[in-house]
K.L.:
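Dropping a structure here in C-alpha coordinates format, bear with me for questions.
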Amino acid sequence: MRKGTRLALIPAALPFLALVFALPLVNRREPFVLGLPFLLFWIVAWVAATPLLLLLAYRLEKKFNPPDEEDRP
Amino acid sequence: MNPALLIIFGTIILSSLLGVFAGRRVPMNLENWAVGGRRFGVIIIWLLMAGEVYTTFTFLGASGWAYSKGAPAFYILVYGTLAYTLSFFILPVLWRIGKKHGLHTQPDYFIHRYGSRGLGVFVALIGVVCLVPYLELQLAGLGFIVNIASRGAISAPLAIILSFVLTCVFVLTSGIKGAAWVAVVKDVLMLVAVGVVGLGVPLIYFGGVGKMLKALSASFPAHLVFPGATAHMDVAWVMSTCLMTGLGFYMWPHMFGSAFSAKSAETIKRNAIIMPLYQIPILLVFFVGFTALLVVPGLSNPDTAFLSIVDKAYPSWFMGFVGAAGAVTAMVPSAILVLFAATLLSKNVYQAGFNPRASETTVLRLSKAMVLVVMVAALVLTLFFPNELVKLLIFGYDGVSQFFPGVVLGLFWKRVTRTGVWTGLAAGEAVVVALIVAGRDPFLGLNAGFVGLAVNAALTVGVSLLTAPKRAEAAG
(Lines give C-alpha, C1' and ligand atoms only; values in the text may rest on other atoms or scores of the structure.)
Protein backbone atom coordinates (compact mmCIF):
# COMPACT_ATOMS: atom_id res chain seq x y z
CA MET A 1 0.00 0.00 0.00
CA ARG A 2 1.29 3.44 -0.85
CA LYS A 3 2.47 5.67 1.98
CA GLY A 4 -0.18 8.35 1.51
CA THR A 5 -3.00 5.80 1.61
CA ARG A 6 -1.51 4.22 4.73
CA LEU A 7 -1.44 7.62 6.45
CA ALA A 8 -4.95 8.40 5.20
CA LEU A 9 -6.28 5.34 7.02
CA ILE A 10 -5.48 6.97 10.38
CA PRO A 11 -8.03 9.85 10.25
CA ALA A 12 -10.48 7.52 8.47
CA ALA A 13 -10.34 5.03 11.35
CA LEU A 14 -11.59 7.63 13.83
CA PRO A 15 -15.29 7.60 12.78
CA PHE A 16 -15.29 3.80 13.25
CA LEU A 17 -13.72 4.06 16.69
CA ALA A 18 -16.01 6.87 17.82
CA LEU A 19 -19.29 5.81 16.20
CA VAL A 20 -19.10 2.05 16.79
CA PHE A 21 -16.53 0.97 19.35
CA ALA A 22 -16.98 3.91 21.75
CA LEU A 23 -20.78 3.57 21.89
CA PRO A 24 -20.84 1.54 25.16
CA LEU A 25 -18.95 4.41 26.83
CA VAL A 26 -21.23 7.21 25.63
CA ASN A 27 -24.65 5.60 26.08
CA ARG A 28 -25.84 8.31 28.49
CA ARG A 29 -28.40 11.11 28.59
CA GLU A 30 -26.50 13.69 30.66
CA PRO A 31 -24.94 16.16 30.21
CA PHE A 32 -26.92 17.90 27.51
CA VAL A 33 -24.54 19.61 25.06
CA LEU A 34 -25.81 22.33 22.70
CA GLY A 35 -29.34 21.25 23.63
CA LEU A 36 -28.73 17.62 22.64
CA PRO A 37 -28.63 14.67 25.04
CA PHE A 38 -25.06 13.38 25.32
CA LEU A 39 -25.43 10.22 23.18
CA LEU A 40 -27.05 12.12 20.32
CA PHE A 41 -24.54 14.98 20.62
CA TRP A 42 -21.64 12.50 20.43
CA ILE A 43 -23.03 10.87 17.29
CA VAL A 44 -23.90 14.15 15.54
CA ALA A 45 -20.52 15.69 16.39
CA TRP A 46 -18.63 12.75 14.84
CA VAL A 47 -20.88 12.64 11.79
CA ALA A 48 -20.23 16.36 11.25
CA ALA A 49 -16.48 15.87 11.82
CA THR A 50 -16.20 13.04 9.28
CA PRO A 51 -16.00 15.27 6.16
CA LEU A 52 -13.10 17.12 7.82
CA LEU A 53 -11.35 13.86 8.65
CA LEU A 54 -11.83 12.64 5.09
CA LEU A 55 -10.52 15.94 3.77
CA LEU A 56 -7.42 15.38 5.88
CA ALA A 57 -7.15 11.84 4.46
CA TYR A 58 -7.46 13.31 0.96
CA ARG A 59 -4.69 15.83 1.62
CA LEU A 60 -2.41 13.14 3.03
CA GLU A 61 -2.91 10.97 -0.05
CA LYS A 62 -2.26 13.93 -2.35
CA LYS A 63 0.88 14.86 -0.48
CA PHE A 64 2.52 11.45 -0.10
CA ASN A 65 1.26 9.44 -3.07
CA PRO A 66 2.88 10.05 -6.44
CA PRO A 67 0.32 11.74 -8.74
CA ASP A 68 -1.67 9.45 -11.05
CA GLU A 69 -2.41 10.54 -14.57
CA GLU A 70 -5.92 9.04 -14.38
CA ASP A 71 -6.70 10.71 -11.04
CA ARG A 72 -6.83 14.18 -12.56
CA PRO A 73 -10.43 15.49 -12.50
CA MET B 1 -59.11 20.76 -7.57
CA ASN B 2 -57.71 21.76 -4.20
CA PRO B 3 -54.17 23.18 -3.90
CA ALA B 4 -52.72 20.03 -2.30
CA LEU B 5 -53.78 17.87 -5.26
CA LEU B 6 -52.49 20.43 -7.72
CA ILE B 7 -49.10 20.50 -6.01
CA ILE B 8 -48.82 16.71 -5.84
CA PHE B 9 -49.85 16.04 -9.44
CA GLY B 10 -47.93 19.03 -10.81
CA THR B 11 -44.72 17.98 -9.10
CA ILE B 12 -44.69 14.34 -10.13
CA ILE B 13 -45.63 15.14 -13.73
CA LEU B 14 -43.15 18.01 -14.16
CA SER B 15 -40.28 16.16 -12.55
CA SER B 16 -40.94 13.12 -14.77
CA LEU B 17 -40.86 15.40 -17.82
CA LEU B 18 -37.49 16.66 -16.62
CA GLY B 19 -36.35 13.04 -16.48
CA VAL B 20 -37.50 12.47 -20.06
CA PHE B 21 -35.83 15.73 -21.14
CA ALA B 22 -32.53 14.55 -19.58
CA GLY B 23 -32.30 11.81 -22.18
CA ARG B 24 -32.70 14.00 -25.27
CA ARG B 25 -29.83 13.66 -27.72
CA VAL B 26 -28.35 10.77 -25.71
CA PRO B 27 -27.94 7.78 -28.03
CA MET B 28 -29.15 4.91 -25.88
CA ASN B 29 -26.57 2.16 -25.58
CA LEU B 30 -25.67 -0.04 -22.63
CA GLU B 31 -22.94 2.36 -21.51
CA ASN B 32 -25.32 5.36 -21.37
CA TRP B 33 -28.18 3.27 -19.96
CA ALA B 34 -26.36 1.78 -16.98
CA VAL B 35 -23.50 4.14 -16.15
CA GLY B 36 -24.46 7.44 -17.86
CA GLY B 37 -21.48 7.15 -20.22
CA ARG B 38 -19.18 7.48 -17.14
CA ARG B 39 -19.49 11.24 -17.39
CA PHE B 40 -21.02 12.34 -14.06
CA GLY B 41 -19.13 15.02 -12.12
CA VAL B 42 -19.03 15.58 -8.35
CA ILE B 43 -22.37 17.39 -8.14
CA ILE B 44 -24.45 15.02 -10.22
CA ILE B 45 -22.89 11.96 -8.54
CA TRP B 46 -23.69 13.49 -5.17
CA LEU B 47 -27.28 14.10 -6.20
CA LEU B 48 -27.59 10.61 -7.67
CA MET B 49 -26.18 8.86 -4.63
CA ALA B 50 -28.16 11.04 -2.24
CA GLY B 51 -31.16 10.24 -4.44
CA GLU B 52 -30.56 6.57 -3.75
CA VAL B 53 -29.87 6.91 -0.04
CA TYR B 54 -32.80 9.16 0.78
CA THR B 55 -35.82 7.01 0.18
CA THR B 56 -39.32 7.08 1.66
CA PHE B 57 -37.64 5.46 4.65
CA THR B 58 -36.14 8.86 5.45
CA PHE B 59 -39.55 10.45 5.76
CA LEU B 60 -41.49 7.63 7.36
CA GLY B 61 -39.13 5.05 8.80
CA ALA B 62 -36.60 7.27 10.58
CA SER B 63 -39.31 9.43 12.16
CA GLY B 64 -41.33 6.30 12.96
CA TRP B 65 -38.34 4.67 14.65
CA ALA B 66 -37.56 7.82 16.65
CA TYR B 67 -41.22 7.90 17.66
CA SER B 68 -41.68 4.27 18.62
CA LYS B 69 -38.16 3.02 19.46
CA GLY B 70 -36.13 6.11 20.40
CA ALA B 71 -32.30 5.92 20.46
CA PRO B 72 -31.90 2.75 18.31
CA ALA B 73 -32.97 5.01 15.41
CA PHE B 74 -29.62 6.81 15.79
CA TYR B 75 -27.98 3.92 13.94
CA ILE B 76 -29.43 5.46 10.74
CA LEU B 77 -27.23 8.51 11.29
CA VAL B 78 -24.17 6.34 11.89
CA TYR B 79 -24.08 3.67 9.21
CA GLY B 80 -24.11 6.01 6.22
CA THR B 81 -21.20 7.92 7.71
CA LEU B 82 -19.23 4.68 8.09
CA ALA B 83 -20.12 3.68 4.53
CA TYR B 84 -18.88 6.98 3.05
CA THR B 85 -15.63 6.69 4.99
CA LEU B 86 -15.07 3.19 3.57
CA SER B 87 -16.09 4.31 0.10
CA PHE B 88 -13.25 6.83 0.08
CA PHE B 89 -10.83 3.88 -0.13
CA ILE B 90 -12.89 1.28 -1.99
CA LEU B 91 -14.82 3.03 -4.76
CA PRO B 92 -11.93 4.82 -6.56
CA VAL B 93 -10.09 1.48 -6.92
CA LEU B 94 -13.28 -0.16 -8.11
CA TRP B 95 -13.95 2.70 -10.53
CA ARG B 96 -10.55 2.26 -12.21
CA ILE B 97 -11.17 -1.46 -12.73
CA GLY B 98 -14.65 -0.70 -14.08
CA LYS B 99 -13.29 1.88 -16.50
CA LYS B 100 -10.43 -0.30 -17.68
CA HIS B 101 -12.58 -3.35 -18.34
CA GLY B 102 -15.89 -1.68 -19.26
CA LEU B 103 -17.85 -3.06 -16.28
CA HIS B 104 -21.47 -1.91 -15.74
CA THR B 105 -22.76 -3.91 -12.80
CA GLN B 106 -21.74 -5.62 -9.60
CA PRO B 107 -21.91 -9.18 -11.05
CA ASP B 108 -19.74 -7.89 -13.93
CA TYR B 109 -17.08 -7.25 -11.30
CA PHE B 110 -17.40 -10.75 -9.80
CA ILE B 111 -17.23 -12.31 -13.26
CA HIS B 112 -14.17 -10.24 -14.17
CA ARG B 113 -12.32 -10.73 -10.90
CA TYR B 114 -12.99 -14.41 -10.31
CA GLY B 115 -13.37 -15.59 -13.89
CA SER B 116 -16.66 -17.34 -13.12
CA ARG B 117 -19.89 -16.63 -14.94
CA GLY B 118 -21.72 -18.94 -12.51
CA LEU B 119 -20.66 -16.74 -9.60
CA GLY B 120 -21.91 -13.71 -11.56
CA VAL B 121 -25.33 -15.30 -12.07
CA PHE B 122 -25.52 -16.20 -8.36
CA VAL B 123 -24.61 -12.64 -7.31
CA ALA B 124 -27.10 -11.20 -9.81
CA LEU B 125 -29.95 -13.38 -8.55
CA ILE B 126 -29.28 -12.51 -4.90
CA GLY B 127 -29.15 -8.86 -5.96
CA VAL B 128 -32.54 -9.02 -7.66
CA VAL B 129 -34.12 -10.89 -4.74
CA CYS B 130 -32.91 -8.09 -2.45
CA LEU B 131 -33.85 -5.22 -4.80
CA VAL B 132 -37.47 -6.16 -5.52
CA PRO B 133 -38.77 -5.92 -1.93
CA TYR B 134 -36.92 -2.61 -1.61
CA LEU B 135 -38.71 -1.40 -4.74
CA GLU B 136 -42.01 -2.66 -3.38
CA LEU B 137 -41.35 -0.69 -0.18
CA GLN B 138 -40.90 2.50 -2.24
CA LEU B 139 -44.15 1.99 -4.12
CA ALA B 140 -46.07 1.19 -0.93
CA GLY B 141 -44.53 4.21 0.82
CA LEU B 142 -45.49 6.43 -2.09
CA GLY B 143 -49.13 5.31 -2.02
CA PHE B 144 -49.22 5.79 1.74
CA ILE B 145 -47.73 9.33 1.68
CA VAL B 146 -49.83 10.63 -1.20
CA ASN B 147 -53.01 9.13 0.23
CA ILE B 148 -52.55 10.75 3.64
CA ALA B 149 -51.16 14.03 2.27
CA SER B 150 -54.16 14.45 -0.04
CA ARG B 151 -56.43 13.67 2.93
CA GLY B 152 -57.73 10.60 1.16
CA ALA B 153 -58.58 12.42 -2.10
CA ILE B 154 -56.07 10.32 -4.07
CA SER B 155 -56.29 6.60 -3.31
CA ALA B 156 -53.04 4.77 -2.69
CA PRO B 157 -53.39 2.45 -5.73
CA LEU B 158 -54.08 5.43 -8.02
CA ALA B 159 -50.99 7.26 -6.76
CA ILE B 160 -48.88 4.11 -7.12
CA ILE B 161 -50.06 3.35 -10.66
CA LEU B 162 -49.66 6.94 -11.88
CA SER B 163 -46.14 7.31 -10.53
CA PHE B 164 -45.29 3.81 -11.76
CA VAL B 165 -46.17 4.78 -15.33
CA LEU B 166 -44.26 8.08 -15.14
CA THR B 167 -41.21 6.46 -13.59
CA CYS B 168 -41.10 3.78 -16.31
CA VAL B 169 -41.31 6.48 -18.97
CA PHE B 170 -38.31 8.45 -17.81
CA VAL B 171 -36.26 5.34 -17.05
CA LEU B 172 -36.91 3.94 -20.51
CA THR B 173 -36.15 7.19 -22.32
CA SER B 174 -33.16 8.40 -20.32
CA GLY B 175 -31.66 5.50 -18.36
CA ILE B 176 -29.68 6.42 -15.26
CA LYS B 177 -29.30 10.03 -16.37
CA GLY B 178 -33.08 10.50 -16.11
CA ALA B 179 -32.99 9.32 -12.49
CA ALA B 180 -30.07 11.65 -11.74
CA TRP B 181 -31.94 14.69 -13.11
CA VAL B 182 -35.17 13.94 -11.27
CA ALA B 183 -33.01 13.51 -8.16
CA VAL B 184 -32.26 17.25 -8.33
CA VAL B 185 -35.95 18.10 -7.86
CA LYS B 186 -36.33 15.41 -5.26
CA ASP B 187 -33.38 16.56 -3.16
CA VAL B 188 -34.48 20.19 -3.14
CA LEU B 189 -38.08 19.35 -2.16
CA MET B 190 -37.00 16.82 0.44
CA LEU B 191 -34.48 19.19 2.06
CA VAL B 192 -37.03 22.01 2.21
CA ALA B 193 -39.71 19.73 3.65
CA VAL B 194 -37.40 18.18 6.25
CA GLY B 195 -35.88 21.57 7.14
CA VAL B 196 -39.22 23.33 7.57
CA VAL B 197 -40.85 20.51 9.53
CA GLY B 198 -37.77 19.41 11.48
CA LEU B 199 -37.08 22.85 12.88
CA GLY B 200 -40.71 24.01 12.69
CA VAL B 201 -42.63 21.53 14.82
CA PRO B 202 -40.31 21.69 17.86
CA LEU B 203 -40.56 25.50 17.61
CA ILE B 204 -44.35 25.53 17.27
CA TYR B 205 -45.04 23.20 20.20
CA PHE B 206 -42.09 23.74 22.55
CA GLY B 207 -40.36 26.97 21.52
CA GLY B 208 -37.28 25.21 20.11
CA VAL B 209 -35.40 21.96 19.64
CA GLY B 210 -33.55 22.19 22.97
CA LYS B 211 -36.77 22.67 24.92
CA MET B 212 -38.45 19.83 23.05
CA LEU B 213 -35.58 17.47 23.93
CA LYS B 214 -35.73 18.54 27.60
CA ALA B 215 -39.45 17.77 27.61
CA LEU B 216 -38.78 14.40 25.98
CA SER B 217 -36.09 13.66 28.55
CA ALA B 218 -38.59 14.38 31.33
CA SER B 219 -41.48 12.35 29.86
CA PHE B 220 -39.65 9.52 28.07
CA PRO B 221 -36.14 9.37 29.58
CA ALA B 222 -35.49 5.85 28.19
CA HIS B 223 -35.97 7.14 24.64
CA LEU B 224 -32.66 8.98 24.57
CA VAL B 225 -30.27 6.08 25.30
CA PHE B 226 -29.96 2.52 23.97
CA PRO B 227 -32.02 0.31 23.95
CA GLY B 228 -34.70 3.03 23.87
CA ALA B 229 -38.23 1.69 24.12
CA THR B 230 -37.17 -1.71 22.72
CA ALA B 231 -36.19 -4.96 24.38
CA HIS B 232 -33.59 -6.21 21.89
CA MET B 233 -31.86 -3.17 20.45
CA ASP B 234 -29.18 -2.61 23.07
CA VAL B 235 -25.61 -1.38 22.49
CA ALA B 236 -24.38 -4.69 21.03
CA TRP B 237 -27.22 -4.72 18.52
CA VAL B 238 -26.56 -1.10 17.53
CA MET B 239 -22.82 -1.71 17.13
CA SER B 240 -23.26 -4.87 15.04
CA THR B 241 -26.03 -3.28 12.96
CA CYS B 242 -23.97 -0.15 12.27
CA LEU B 243 -21.01 -2.26 11.16
CA MET B 244 -23.06 -4.65 9.03
CA THR B 245 -25.09 -1.93 7.31
CA GLY B 246 -22.03 0.33 6.98
CA LEU B 247 -20.14 -2.43 5.17
CA GLY B 248 -23.24 -3.49 3.20
CA PHE B 249 -24.21 0.00 2.03
CA TYR B 250 -22.22 0.09 -1.21
CA MET B 251 -22.84 -3.62 -1.74
CA TRP B 252 -26.37 -2.82 -2.90
CA PRO B 253 -26.22 -3.47 -6.64
CA HIS B 254 -27.52 0.03 -7.43
CA MET B 255 -25.12 1.83 -5.07
CA PHE B 256 -22.22 -0.24 -6.36
CA GLY B 257 -23.18 0.33 -10.00
CA SER B 258 -23.62 4.08 -9.52
CA ALA B 259 -19.95 4.39 -8.66
CA PHE B 260 -19.14 3.43 -12.25
CA SER B 261 -21.05 6.44 -13.59
CA ALA B 262 -18.54 8.93 -12.12
CA LYS B 263 -16.22 10.54 -14.64
CA SER B 264 -13.05 9.85 -12.65
CA ALA B 265 -11.68 8.17 -9.54
CA GLU B 266 -11.03 11.68 -8.25
CA THR B 267 -14.74 12.55 -8.55
CA ILE B 268 -15.69 9.51 -6.47
CA LYS B 269 -13.14 10.42 -3.83
CA ARG B 270 -14.34 14.02 -3.53
CA ASN B 271 -17.91 12.78 -3.39
CA ALA B 272 -17.04 10.53 -0.44
CA ILE B 273 -15.77 13.59 1.46
CA ILE B 274 -19.01 15.58 1.14
CA MET B 275 -21.51 12.71 1.43
CA PRO B 276 -21.58 12.66 5.29
CA LEU B 277 -22.96 16.23 5.26
CA TYR B 278 -26.10 14.76 3.78
CA GLN B 279 -26.66 12.78 6.99
CA ILE B 280 -27.49 15.90 8.98
CA PRO B 281 -31.11 16.21 7.71
CA ILE B 282 -31.77 12.80 9.30
CA LEU B 283 -31.25 14.50 12.66
CA LEU B 284 -34.13 16.82 11.80
CA VAL B 285 -36.28 13.81 10.93
CA PHE B 286 -35.58 12.42 14.42
CA PHE B 287 -36.74 15.75 15.89
CA VAL B 288 -40.02 15.35 14.01
CA GLY B 289 -40.50 11.83 15.40
CA PHE B 290 -39.70 12.97 18.94
CA THR B 291 -42.04 15.97 18.77
CA ALA B 292 -44.78 13.73 17.40
CA LEU B 293 -44.34 11.38 20.37
CA LEU B 294 -44.97 14.27 22.76
CA VAL B 295 -47.78 15.93 20.79
CA VAL B 296 -49.65 13.00 19.19
CA PRO B 297 -48.78 9.96 21.33
CA GLY B 298 -50.37 6.55 20.84
CA LEU B 299 -50.47 6.35 17.03
CA SER B 300 -51.28 2.77 16.03
CA ASN B 301 -48.85 2.94 13.10
CA PRO B 302 -45.63 4.80 14.04
CA ASP B 303 -44.83 5.32 10.33
CA THR B 304 -47.60 7.93 10.29
CA ALA B 305 -45.77 10.06 12.91
CA PHE B 306 -44.25 12.46 10.37
CA LEU B 307 -47.47 13.03 8.43
CA SER B 308 -49.66 13.20 11.56
CA ILE B 309 -47.66 16.03 13.11
CA VAL B 310 -47.48 17.92 9.79
CA ASP B 311 -51.22 17.55 9.42
CA LYS B 312 -51.74 18.98 12.88
CA ALA B 313 -49.27 21.86 12.60
CA TYR B 314 -49.51 23.11 9.00
CA PRO B 315 -52.18 24.18 6.48
CA SER B 316 -53.39 21.67 3.89
CA TRP B 317 -51.40 23.11 0.97
CA PHE B 318 -48.23 22.37 2.92
CA MET B 319 -49.44 18.79 3.35
CA GLY B 320 -49.65 18.75 -0.43
CA PHE B 321 -46.06 19.93 -0.64
CA VAL B 322 -44.92 17.17 1.74
CA GLY B 323 -46.94 14.67 -0.29
CA ALA B 324 -45.25 15.83 -3.49
CA ALA B 325 -41.80 15.65 -1.90
CA GLY B 326 -42.62 12.18 -0.59
CA ALA B 327 -43.83 10.99 -3.97
CA VAL B 328 -40.70 12.15 -5.80
CA THR B 329 -38.60 10.74 -2.96
CA ALA B 330 -40.09 7.34 -3.78
CA MET B 331 -39.88 7.72 -7.56
CA VAL B 332 -36.14 8.41 -7.80
CA PRO B 333 -35.00 5.34 -5.85
CA SER B 334 -37.68 3.29 -7.64
CA ALA B 335 -36.24 4.34 -10.99
CA ILE B 336 -32.70 3.42 -9.97
CA LEU B 337 -33.71 0.15 -8.31
CA VAL B 338 -35.74 -1.01 -11.30
CA LEU B 339 -33.01 0.00 -13.73
CA PHE B 340 -30.37 -2.03 -11.92
CA ALA B 341 -32.63 -5.03 -11.25
CA ALA B 342 -33.49 -5.09 -14.98
CA THR B 343 -29.86 -4.78 -16.05
CA LEU B 344 -28.79 -7.57 -13.68
CA LEU B 345 -31.45 -9.84 -15.16
CA SER B 346 -30.57 -9.12 -18.78
CA LYS B 347 -26.80 -8.73 -18.65
CA ASN B 348 -25.83 -11.01 -15.79
CA VAL B 349 -28.53 -13.68 -15.71
CA TYR B 350 -29.54 -13.95 -19.39
CA GLN B 351 -26.32 -13.02 -21.17
CA ALA B 352 -23.78 -14.38 -18.66
CA GLY B 353 -25.86 -17.39 -17.70
CA PHE B 354 -27.53 -18.53 -20.89
CA ASN B 355 -26.36 -16.68 -23.97
CA PRO B 356 -22.81 -15.30 -23.77
CA ARG B 357 -22.94 -14.37 -27.44
CA ALA B 358 -25.95 -12.05 -27.10
CA SER B 359 -25.17 -8.67 -28.64
CA GLU B 360 -25.12 -5.44 -26.66
CA THR B 361 -28.23 -4.28 -28.53
CA THR B 362 -30.08 -7.41 -27.47
CA VAL B 363 -29.00 -6.95 -23.85
CA LEU B 364 -30.16 -3.32 -23.86
CA ARG B 365 -33.49 -4.20 -25.46
CA LEU B 366 -33.99 -6.98 -22.92
CA SER B 367 -33.05 -4.60 -20.07
CA LYS B 368 -35.82 -2.25 -21.15
CA ALA B 369 -38.34 -5.09 -21.32
CA MET B 370 -37.19 -6.22 -17.87
CA VAL B 371 -37.88 -2.72 -16.49
CA LEU B 372 -41.55 -3.34 -17.23
CA VAL B 373 -41.44 -6.92 -15.92
CA VAL B 374 -39.79 -5.94 -12.63
CA MET B 375 -42.06 -2.90 -12.18
CA VAL B 376 -45.21 -4.92 -12.83
CA ALA B 377 -44.02 -7.63 -10.45
CA ALA B 378 -43.38 -5.04 -7.72
CA LEU B 379 -46.72 -3.38 -8.47
CA VAL B 380 -48.65 -6.65 -8.18
CA LEU B 381 -46.86 -7.50 -4.94
CA THR B 382 -47.55 -4.01 -3.54
CA LEU B 383 -51.23 -3.97 -4.44
CA PHE B 384 -52.20 -7.57 -3.77
CA PHE B 385 -49.69 -9.06 -1.32
CA PRO B 386 -48.53 -6.11 0.80
CA ASN B 387 -47.58 -8.28 3.78
CA GLU B 388 -45.80 -11.16 2.08
CA LEU B 389 -42.54 -9.34 1.59
CA VAL B 390 -41.69 -8.29 5.10
CA LYS B 391 -39.22 -11.13 5.60
CA LEU B 392 -37.65 -10.55 2.20
CA LEU B 393 -37.20 -6.92 3.12
CA ILE B 394 -35.42 -7.81 6.35
CA PHE B 395 -33.31 -10.16 4.26
CA GLY B 396 -32.35 -7.34 1.85
CA TYR B 397 -29.59 -5.58 3.77
CA ASP B 398 -28.33 -8.79 5.37
CA GLY B 399 -28.27 -10.43 1.94
CA VAL B 400 -26.34 -7.77 0.01
CA SER B 401 -23.83 -7.16 2.80
CA GLN B 402 -22.59 -10.72 2.18
CA PHE B 403 -20.96 -9.45 -1.03
CA PHE B 404 -18.50 -7.40 1.02
CA PRO B 405 -15.72 -9.99 1.48
CA GLY B 406 -15.82 -10.97 -2.20
CA VAL B 407 -15.65 -7.37 -3.37
CA VAL B 408 -13.15 -5.93 -0.94
CA LEU B 409 -10.78 -8.89 -0.69
CA GLY B 410 -10.96 -9.07 -4.48
CA LEU B 411 -9.72 -5.49 -4.69
CA PHE B 412 -6.98 -5.61 -2.08
CA TRP B 413 -5.85 -9.22 -1.59
CA LYS B 414 -4.30 -11.19 -4.43
CA ARG B 415 -4.63 -14.53 -2.60
CA VAL B 416 -8.45 -14.62 -2.54
CA THR B 417 -9.86 -17.38 -4.78
CA ARG B 418 -13.06 -18.16 -6.62
CA THR B 419 -13.69 -21.21 -4.39
CA GLY B 420 -13.15 -19.09 -1.28
CA VAL B 421 -15.69 -16.48 -2.39
CA TRP B 422 -18.25 -19.11 -3.48
CA THR B 423 -17.97 -20.88 -0.12
CA GLY B 424 -18.06 -17.72 2.01
CA LEU B 425 -20.92 -16.13 0.10
CA ALA B 426 -23.09 -19.26 0.06
CA ALA B 427 -22.45 -19.89 3.78
CA GLY B 428 -23.11 -16.25 4.71
CA GLU B 429 -26.43 -16.22 2.86
CA ALA B 430 -27.40 -19.59 4.38
CA VAL B 431 -26.69 -18.35 7.93
CA VAL B 432 -28.75 -15.19 7.34
CA VAL B 433 -31.72 -17.07 5.86
CA ALA B 434 -31.60 -19.71 8.62
CA LEU B 435 -31.51 -17.13 11.43
CA ILE B 436 -34.33 -15.04 9.94
CA VAL B 437 -36.56 -18.03 9.18
CA ALA B 438 -35.93 -19.47 12.65
CA GLY B 439 -36.82 -16.11 14.22
CA ARG B 440 -33.35 -15.86 15.81
CA ASP B 441 -32.60 -12.31 14.61
CA PRO B 442 -31.00 -10.80 16.68
CA PHE B 443 -28.79 -13.76 17.51
CA LEU B 444 -27.06 -13.50 20.93
CA GLY B 445 -27.84 -9.77 20.77
CA LEU B 446 -26.11 -9.38 17.37
CA ASN B 447 -27.68 -8.53 14.04
CA ALA B 448 -28.20 -11.71 11.94
CA GLY B 449 -26.54 -10.11 8.89
CA PHE B 450 -23.47 -9.41 11.01
CA VAL B 451 -23.31 -13.04 12.16
CA GLY B 452 -23.55 -14.16 8.52
CA LEU B 453 -20.85 -11.70 7.52
CA ALA B 454 -18.48 -13.00 10.20
CA VAL B 455 -18.96 -16.62 9.06
CA ASN B 456 -18.67 -15.51 5.43
CA ALA B 457 -15.42 -13.55 5.93
CA ALA B 458 -13.80 -16.35 7.94
CA LEU B 459 -14.67 -18.96 5.30
CA THR B 460 -13.67 -16.74 2.37
CA VAL B 461 -10.23 -16.19 3.87
CA GLY B 462 -9.80 -19.76 5.15
CA VAL B 463 -10.87 -21.52 1.96
CA SER B 464 -8.87 -19.07 -0.18
CA LEU B 465 -5.72 -19.97 1.73
CA LEU B 466 -6.42 -23.68 1.15
CA THR B 467 -6.99 -23.29 -2.60
CA ALA B 468 -4.62 -21.99 -5.24
CA PRO B 469 -5.66 -18.87 -7.16
CA LYS B 470 -5.84 -19.44 -10.90
CA ARG B 471 -3.61 -17.17 -12.92
CA ALA B 472 -6.54 -15.64 -14.75
CA GLU B 473 -8.26 -14.82 -11.45
CA ALA B 474 -5.35 -12.89 -10.02
CA ALA B 475 -5.46 -10.21 -12.68
CA GLY B 476 -6.69 -6.99 -11.04
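Lettering of chains follows the sequences in order, A, B, ..., and the numbering in each one begins at 1. Nothing here was measured: the structure is a model prediction, and the numbers come from that model.
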K.L.:
Looking only at heavy atoms and a cut-off of under 4.5 Å, which of A:L19, A:V44, A:L40, A:L23 has the most pairs with chain B?
P.N.:
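Most heavy-atom pairs under 4.5 Å with chain B: A:L40.
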K.L.:
For B:S217, does its backbone N or O pair with a side-chain atom of A:R29 as donor and acceptor, under 3.5 Å?
P.N.:
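No, A:R29 side chain to B:S217 backbone: no donor-acceptor pair under 3.5 Å.
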K.L.:
Determine whether B:L243 and A:F16 make a side-chain contact, defined as any pair of heavy atoms from C-beta on separated by less than 4.5 Å.
P.N.:
yes
K.L.:
Given heavy-atom pairs under 4.5 angstrom as the criterion, report whether the side chain, backbone, both or neither of A:A13 touches chain B.
P.N.:
neither
K.L.:
Search all heavy atoms of A:Y58 against all heavy atoms of B:R270 and return the closest pair with its distance.
P.N.:
OH-NE, 3.3 Å
K.L.:
Side chain, backbone, both or neither: which part of A:F21 has an atom under 4.5 Å from a heavy atom of chain B?
P.N.:
both
K.L.:
So does B:I43 have more than 12 non-hydrogen atoms from other groups sitting under 6.0 Å from CD1?
P.N.:
no
K.L.:
Please classify the contact of B:A262 with chain A as side chain, backbone, both or neither, using a heavy-atom distance under 4.5 Å.
P.N.:
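It is neither, since no heavy atom gets under 4.5 Å.
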K.L.:
If you check every heavy atom in residues 70-85 of chain B against those of chain A, which residues fall under 4.5 Å?
P.N.:
B:A71, B:F74, B:L77, B:V78, B:T81, B:L82, B:Y84, B:T85
K.L.:
Give a yes or no answer on whether the side chain of A:N27 reaches the backbone of B:F226 with a donor-acceptor pair at less than 3.5 Å.
P.N.:
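Yes, the answer is positive, given that a donor and an acceptor are paired below the 3.5 Å cut-off.
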K.L.:
Go through the atoms of B:V225 and report whether side chain, backbone, both or neither lie under 4.5 Å from a heavy atom of chain A.
P.N.:
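Both backbone and side chain.
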K.L.:
Under a 4.5 Å heavy-atom cut-off, does chain B meet the side chain of A:L52, its backbone, both or neither?
P.N.:
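When you check distances to chain B, no heavy atom of A:L52 falls under 4.5 Å.
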K.L.:
Report which part of B:P221 has an atom under 4.5 Å of a heavy atom belonging to chain A: side chain, backbone, both, or neither.
P.N.:
both
K.L.:
Top residue by heavy-atom pair count (under 4.5 Å) with chain B, among A:A48, A:P11, A:A12?
P.N.:
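Between A:A48, A:P11, A:A12, the count favours A:A12.
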K.L.:
Can you name the residues of residues 274-288 of chain B that have some heavy atom under 4.5 Å away from a heavy atom in chain A?
P.N.:
B:P276, B:L277, B:Q279, B:I280, B:L283, B:F287
K.L.:
Considering only heavy atoms and a distance below 4.5 Å, find which of A:L39, A:L34, A:V26 pairs most often with chain B.
P.N.:
A:L39
K.L.:
If I compare all heavy atoms of A:A8 with all of B:F89, which pair ends up nearest, and what's the gap?
P.N.:
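Reported closest heavy-atom pair: O-CZ, 3.6 Å.
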K.L.:
How long is the straight-line distance from CG of A:L53 back to CD1 of B:I273, given to the nearest 0.5 Å?
P.N.:
11.0 Å
K.L.:
Around A:R59, counting heavy atoms of other residues, nucleotides and ligands shown, do more than 12 lie under 6.0 Å from its CZ?
P.N.:
no
